[in-house]
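Counting starts at 1 for both ligands and their atoms, in listed order.
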Amino acid sequence: MSRILIIEDEVAIADLEKDYLEMSGHKVELCFDGAEGAELATNGDFNLVILDLMLPGMDGYDICRKIRAVKDIPIIIVSAKKEEIDKIYGLGMGADDYMTKPFSPSELVARVKAHLSRYDRLVGANREQNDVIEIRGLRIDKTARRVFVDGEEKSFTTKEFDLLYFLASHPNKVFTREDLFKEIWAQDMVGDIATVTVHIKKIREKIETNTSNPDYIETIWGVGYRFRM
Ligand code: CA
């Protein structure tokens with residue numbers, strides 16, 4: 001069930017919108033004041049906002065801008081302002097849609113449905129994206145286990161990849177060679193901490209422009225290594 005906020009100072013219109021949206025299965029909250037509505041929309045947990053433009057407290061354009069500064073939920077403006085310029089301005093403030101009064105409540109319901117499902121697809125698509133770390137020209141794709149330096153793919157062994165990913169996912173933290181050995185090799189029960197040094201050297205050859213003055217993996221003398229953010 002979607003939670004919808006209606007910011008509208010004309011009670012009859014607000015009630016009409018609410019009735020229709022509730023009939024189609026949404027949970028609806030009403031707010032009759034602009035400033036209060038902006039507060040609710042930015043701090044509340046709503047999936048979509050229906051917004052009037054001429055409101056006491058704060059106008060709809062400002063509310064729209066405030067919501068956009070913190071949230072990407074769909075915003076539908078429903079306003080008596082019919083001029084093209086108002087529409088263009090509203091969409092420019094980040095609204096997703098603009099309807100003029102008087103409006104057909106069933107059309108509003110249809111547009112709400114369309115915007116909610118488009119937004120779900122968008123959020124869903126982002127959720128499925130690979131787990132990637134990108135720092136300066138270095139791109140480490142954990143899901144695909146691939147490493148790119150300035151767009152060029154470099155081939156990594158399993159341990160080299162694990163070590164690089166571990167360091168890069170804990171940036172600016174210093175690890176001793178013992179820490180790293182335990183983290184990456186402990187389960188293998190073979191090798192020793194010199195392995196760490198060898199692997200760091202190999203990783204640097206792949207990702208650093210100048211291995212004697214590394215940009216990513218720094219040597220902290222007497223302590224260990226640190227991935228520089
Ligand atoms: Ca109004």
Side-chain angles (χ1 to χ4, degrees), residues 1-135 139 141 143 171 229:
M1 190 169 44
S2 301
R3 286 168 46 84
I4 297 173
L5 175 65
I6 297 173
I7 310 174
E8 167 65 70
D9 63 329
E10 282 171 72
V11 180
I13 292 180
D15 283 343
L16 178 69
E17 293 174 347
K18 184 174 192 266
D19 287 348
Y20 270 83
L21 290 167
E22 282 181 344
M23 276 192 289
S24 36
H26 304 291
K27 196 170 183 308
V28 179
E29 206 166 310
L30 295 182
C31 183
F32 306 110
D33 176 82
E36 210 177 292
E39 181 70 22
L40 268 175
T42 50
N43 295 318
D45 180 27
F46 295 98
N47 305 99
L48 184 143
V49 177
I50 293 173
L51 186 60
D52 182 22
L53 287 180
M54 292 177 279
L55 288 160
M58 183 184 291
D59 78 30
Y61 297 126
D62 284 342
I63 298 173
C64 197
R65 207 173 43 233
K66 276 185 181 292
I67 299 173
R68 272 297 164 264
V70 290
K71 286 190 178 182
D72 58 358
I73 52 171
I75 302 172
I76 301 177
I77 292 176
V78 180
S79 171
K81 291 187 164 201
K82 288 185 175 63
E83 301 298 321
E84 198 63 22
I85 188 73
D86 296 314
K87 190 169 174 176
I88 290 167
Y89 194 59
L91 297 174
M93 286 295 134
D96 296 274
D97 209 342
Y98 194 107
M99 290 176 77
T100 49
K101 293 173 185 169
F103 59 96
S104 137
S106 24
E107 191 187 342
L108 175 68
V109 169
R111 292 205 196 180
V112 162
K113 190 176 166 211
H115 283 289
L116 284 173
S117 63
R118 188 189 54 84
Y119 185 69
D120 275 353
R121 280 200 306 277
L122 207 75
V123 173
N126 284 340
R127 219 181 281 131
E128 283 160 24
Q129 262 176 12
N130 284 6
D131 187 356
V132 172
I133 294 178
E134 262 188 300
I135 300 164
R139 178 180 163 87
D141 184 330
T143 316
M229 191 70 189

Any N, O or S atom of Met54 closer than 3.0 Å to the Ca ion (ligand 1): yes
Short check: any N/O/S atom of Asp52 below 3.0 Å from the Ca ion (ligand 1)? yes
Spacing of NE2 belonging to His26 relative to OH belonging to Tyr20, to within rounding of 0.5 Å: 14.0 Å
Spatial distance of atom SG (Cys31) from atom CD1 (Ile50) [nearest 0.5 Å]: 13.5 Å
Is the NZ atom of Lys27 crowded by more than 12 outside heavy atoms at less than 6.0 Å? no
Suppose we only allow N, O or S atoms; which atom of Asp9 ends up nearest to the Ca ion (ligand 1)? OD1
What's the spacing between Glu8 CD and Met54 CE if we round to 0.5 Å? 9.5 Å
Specify whether an N/O/S atom of Glu8 falls short of 3.0 Å from the Ca ion (ligand 1). no
